[in-house]
Structures are given as C-alpha cells and as structure tokens.
Amino acid sequence: MPEDAAVIAEPVVLANAEVIAQGAAFRGRVTLIGDQVAEVVEGGEVPVGAIDCGGDVVAPGLVELHTDNLERHIRPRPAVHWPHNAAIVAHDAELASCGITTVFDAIRVGSIEGKGGTGWSRYARDLADEVLAIRAKGALKISHHLHLRAEVCSHSLIDELEQFGADDRVGIVSLMDHTPGQRQFADIGQYEIYMKGKHGLSDASFKEHVQARQTLGEKVRDVHEAAAVAAAGRFGAVLASHDDTLVVHVERSSGYGIALAEFPTTLVAAEACHTYGIAVMMGAPNLIRGGSHSGNVAAGELAEAGLLDIMSSDYVPSALLFAAVRLGTLWDDLPRALATVSSAPARAAGLTDRGEIAVGQRADLVRFRVEGEVPVLHGVWSGGRRVA
C-alpha cells in the first residue's frame with residue numbers, strides 16, 4: 001500500500017493540546033479518522049479513549065521542499081556508496097522522526113565531464129525509479145515527491161530531463177547554476193579554497209577547471225534554462241530558482257514564471273523576490289547557526305525584515321522544527337512561524353490537501369513540547385498512521 005493511500009482505522013483523538021490551526025493557537029482536540037482530519041474542537045476536555053497531550057503543541061506535519069539528506073545516506077562518506085534501497089528507507093525514517101510528513105527528495109539532473117574527480121555522473125533516473133518502486137510497495141512512512149535540481153551548467157541536462165514524465169511525481173524543478181564566478185560561487189577566492197580542499201587541485205588545474213565551467217555555462221545556459229522550464233510544464237511541476245544574488249537574477253526568474261526562490265544569497269535579491277511576488281525560502285541551519293556557512297545573507301536578517309516565507313531543513317532534517325520554534329520566538333508568533341514549515345511550503349509546491357489542521361485535510365500532524373528552547377517530539381502521524 002503506497003504511503004499516502006487511504007487508511008481505514010479507529011479514530012485517533014489528540015486532546016488537551018495546544019492546537020495550531022487557522023493561524024492561531026488554542027487549547028483543544030483533533031480527531032483523525034482514516035487519513036483525514038475529521039474534527040477540530042476547542043476546549044480542554046479529554047474524552048474516554050483519547051490521548052491526553054497534557055498541553056503539548058499539536059501542529060501540522062512539516063513539509064520539506066529541498067533536502068540533500070537522501071544523497072547523504074547514499075554517500076555517507078566521499079568514497080562510500082551505500083545500497084540505495086537501504087539508504088531510501090533510512091532517509092524516510094529519519095525524516096519521520098523529525099516531524100517531516102511530506103518531502104520533495106532533491107535529485108540532480110545534468111552530468112558534467114571533469115578531471116580529477118570534479119565531474120558529475122548520471123544517476124537521477126535510476127534513483128527516482130528506486131524511490132518510486134519502494135514507495136509503491138508501501139515501505140515508506142511519509143509522503144515522497146521528487147524535486148529535480150536542473151543543473152544548467154552541464155552536458156546532459158536535456159537528455160536526462162527527457163527521461164522523466166508526468167507520472168513520476170515530480171513536484172518541483174529548480175534551476176541550478178553553479179558556474180564559478182556568480183550566484184553561490186560569486187567569490188572565486190572562496191570557491192578556490194573549497195575546490196582545492198575537496199579535490200586537491202593545483203593552481204593550474206583549478207584555473208583550467210574554472211575556465212571550462214565558465215565556457216560551458218555561456219554556451220548552454222539559455223537553452224538549458226528554457227528546456228528545464230518546458231520540462232516543468234510537462235511534469236505539472238512548480239518552478240524554483242536557486243541562489244539568486246542580483247536583481248537581474250530575480251527578473252530572469254520572474255520572466256520564467258518562477259514563484260519560489262531557494263536560498264537567495266543577498267538582502268537585495270530577497271527584496272526583489274517579494275517585489276515580483278516570489279516566495280523566499282531559506283535554510284533552517286542558517287537560522288539556527290545565526291548565519292550562512294558560506295557567508296551569504298542570514299536567514300534571521302530576512303526574517304526580521306519580513307522577507308522569509310518558507311524554511312527548508314537543507315542538510316539537517318532535525319533543524320526544520322527547531323528553526324520554526326526559534327522563529328516563533330523571534331516573531332513572538334508560533335502559528336506564523338510554524339506556517340513557514342507547513343502551509344507555506346505546501347501551497348508553494350501546489351499541494352492543497354495538507355499543511356493545515358482543518359477538517360478534510362490530510363491527517364499529517366506532529367505533537368511536541370519545547371524543552372529549553374528545543375522541540376521534543378512526542379508523536380508524528382502521516383496520512384493517519386503514527387510513524388514516530
């Protein structure tokens with residue numbers, strides 16, 4: 001049975017909880033029947049057979065739009081390749097244990113030829129097949145969708161995109177351009193430190209690598225971006241930009257109809273995103289750490305400026321709920337903060353059946369209590385099933 005198939009079961013009643021619903025927090029109870037929310041009632045009464053939450057927060061299950069976690073399980077060390085099915089199951093269980101009930105698994109499309117281990121091999125179609133197959137067997141705890149990260153500066157992007165279709169659960173296609181000298185790698189000095197440290201490149205080989213990537217980017221950028229935009233249309237997927245740095249990047253995104261910006265690197269870019277009606281997503285680790293690990297704009301700065309709409313766990317699954325609680329303190333508004341990890345990402349991805357606690361919504365919930373500023377999970381339900 002697929003992980004998001006209907007579940008016929010006895011009602012589950014979570015009572016005496018601090019319920020987060022309709023943008024507010026109130027003492028009440030939530031009843032789940034099958035895979036849907038059946039009732040939301042105010043009041044502290046605990047009916048016979050209900051779970052007494054003792055004042056714990058009951059909030060919508062978290063929706064994760066961009067995570068590198070699956071790749072981390074597949075390659076736990078640089079030279080270690082883990083069996084994929086085992087990695088997928090472990091990845092799924094880890095997300096469930098962190099309160100994430102819907103995930104868009106990020107998979108790169110677009111390979112590149114390179115020397116000294118600096119190239120990227122093809123893997124997207126095979127990995128997608130494995131994720132979809134194990135999902136179809138009902139072996140996964142939470143709802144999985146695909147997020148294709150379209151590497152604009154690559155050799156095989158168009159060919160790889162053509163291997164996907166409307167039945168592949170592709171919900172997001174993001175335009176990624178990692179050409180040295182712009183966006184995430186605008187600081188060539190920082191990029192040089194990174195590449196030499198990771199790949200042991202000499203001065204000459206690094207210079208050759210940068211020249212090759214920049215030449216390739218200039219050659220294929222326009223045609224590859226157009227191909228990715230067209231592919232998203234075929235899939236019925238949402239388009240996202242990545243690492244917008246300049247206003248011109250945002251203007252280009254707007255021209256493509258992009259409505260979601262992943263990790264803009266500057267305040268100027270984030271402001272431009274809101275000017276063009278593009279939702280801004282930032283990394284939860286950035287907020288928790290108090291800044292970007294690569295020197296880009298701090299998520300907290302955008303939050304204080306009213307420019308943060310959605311959060312992603314990025315590379316630390318447990319950071320998503322933690323950051324929402326931290327953001328609730330910053331804004332003095334926990335319901336607003338929790339919306340950045342539930343309803344806002346759900347709507348940005350085109351999902352209208354989840355992200356809120358309301359009658360008829362998918363029964364995805366988390367129960368937690370904050371201990372010393374850290375959320376401690378006491379239960380996770382995905383599609384009406386308790387998964388953690």
Side-chain angles (χ1 to χ4, degrees), residues 11-33 35-47 50-65 98-102 274 279-282 284 287 299-300 302-312 320-349 351-371 373-384:
V12 174
V13 182
L14 303 175
N16 191 25
E18 190 74 3
V19 178
I20 306 297
Q22 308 300 319
F26 56 88
R27 185 57 57 99
R29 68 177 185 269
V30 181
T31 301
L32 314 179
I33 297 180
D35 64 350
Q36 292 188 347
V37 175
E39 184 181 50
V40 183
V41 179
E42 291 193 41
E45 180 186 358
V46 181
I51 298 171
D52 186 347
C53 293
D56 286 356
V57 175
V58 170
L62 312 187
V63 178
E64 173 57 67
L65 301 186
C98 296
I100 296 169
T101 54
T102 296
H274 272 210
V280 172
M281 181 169 77
M282 295 296 286
L287 187 75
L302 297 189
E304 290 176 340
L307 297 171
L308 175 58
D309 305 301
I310 298 168
M311 289 205 294
S312 161
L320 195 56
L321 183 56
F322 186 14
V325 169
R326 178 74 61 85
L327 194 58
T329 300
L330 177 66
W331 282 340
D332 192 24
D333 190 340
L334 184 60
R336 178 189 174 194
L338 285 169
T340 69
V341 297
S342 55
S343 60
R347 302 301 172 260
L351 300 177
T352 59
D353 65 340
R354 67 197 73 190
E356 297 182 50
I357 296 180
V359 174
Q361 285 277 292
R362 183 180 153 98
D364 294 345
L365 283 82
V366 296
R367 172 189 170 191
F368 68 91
R369 181 180 294 270
V370 178
E371 302 285 359
E373 300 185 346
V374 176
V376 179
L377 277 165
H378 290 166
V380 180
W381 288 260
S382 176

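Side chains included, hydrogens not; waters and symmetry mates left out as well; all remaining heavy atoms used.
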Pairing donors with acceptors under 3.5 angstrom, does anything connect the side chains of [X] and [Y]?
| X | Y | value |
| --- | --- | --- |
| Thr352 | Arg347 | no |
| Glu373 | Thr329 | no |
| Asn16 | Arg27 | yes |

Student check: side-chain heavy atoms of [X] and [Y] closer than 4.5 Å:
| X | Y | answer |
| --- | --- | --- |
| Phe322 | Val374 | yes |
| Ile51 | Arg367 | yes |
| Val380 | Leu365 | no |
| Leu14 | Trp381 | yes |
| Val58 | Glu18 | no |
| Val370 | Val376 | no |

Approximate separation, where rounding is to 0.5 Å, of [X] [atom1] and [Y] [atom2]:
| X | Y | atom1 | atom2 | result |
| --- | --- | --- | --- | --- |
| Arg362 | Asp353 | CZ | CG | 7.0 Å |
| Leu321 | Leu62 | CG | CG | 5.5 Å |
| Asp364 | Ser342 | CG | OG | 10.5 Å |
| Asp35 | Ser382 | CG | OG | 10.0 Å |
| Arg336 | Leu338 | CZ | CG | 12.5 Å |
| Ile33 | Thr31 | CD1 | OG1 | 7.0 Å |

### Query
Taking it one step at a time, do Ser312 and Glu64 satisfy side chain to side chain contact (heavy atoms under 4.5 Å, CB included)?
CA-CA 6 Å; Ser312 161; Glu64 173 57 67; 2.7 Å; yes
Considering non-hydrogen atoms only, spot the tightest contact between [X] and [Y] and give its length.
| X | Y | result |
| --- | --- | --- |
| Ile310 | Pro345 | CG2-CB, 3.8 Å |
| Ala24 | Pro335 | C-CG, 3.8 Å |
| Leu320 | Met311 | CD1-O, 3.5 Å |
| Arg369 | Cys53 | NH2-O, 4.0 Å |
| Pro60 | Val366 | O-CG2, 3.7 Å |
| Trp331 | Leu308 | CH2-O, 3.8 Å |

### Message
Pair Val63, Val341 - check side chain to side chain contact (heavy atoms under 4.5 Å, CB included), show working.
### Response
CA-CA 6 Å; Val63 178; Val341 297; over 6 Å; no
### Query
Does Gln361 use its side chain to pair, donor to acceptor, with the backbone of Arg354 at less than 3.5 Å?
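Indeed, once roles are kept as given, a pair shorter than 3.5 Å links the two residues.
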### Message
Taking side-chain contact (heavy atoms from CB on, under 4.5 Å) as the criterion, tell me which of Val40, Val19, Val41 meets it with Arg29.
### Response
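So, applying the side-chain contact (heavy atoms from CB on, under 4.5 Å) to Arg29 and each of Val40, Val19, Val41, only Val41 qualifies.
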### Task
Dump the intermediate steps for side chain to side chain contact (heavy atoms under 4.5 Å, CB included) on Val325 and Phe368, then the final yes or no.
CA-CA 11 Å; Val325 169; Phe368 68 91; 4.0 Å; yes
#### Entry: Verdict with supporting geometry, Met281 and Leu65, side chain to side chain contact (heavy atoms under 4.5 Å, CB included)
CA-CA 9 Å; Met281 181 169 77; Leu65 301 186; 4.0 Å; yes
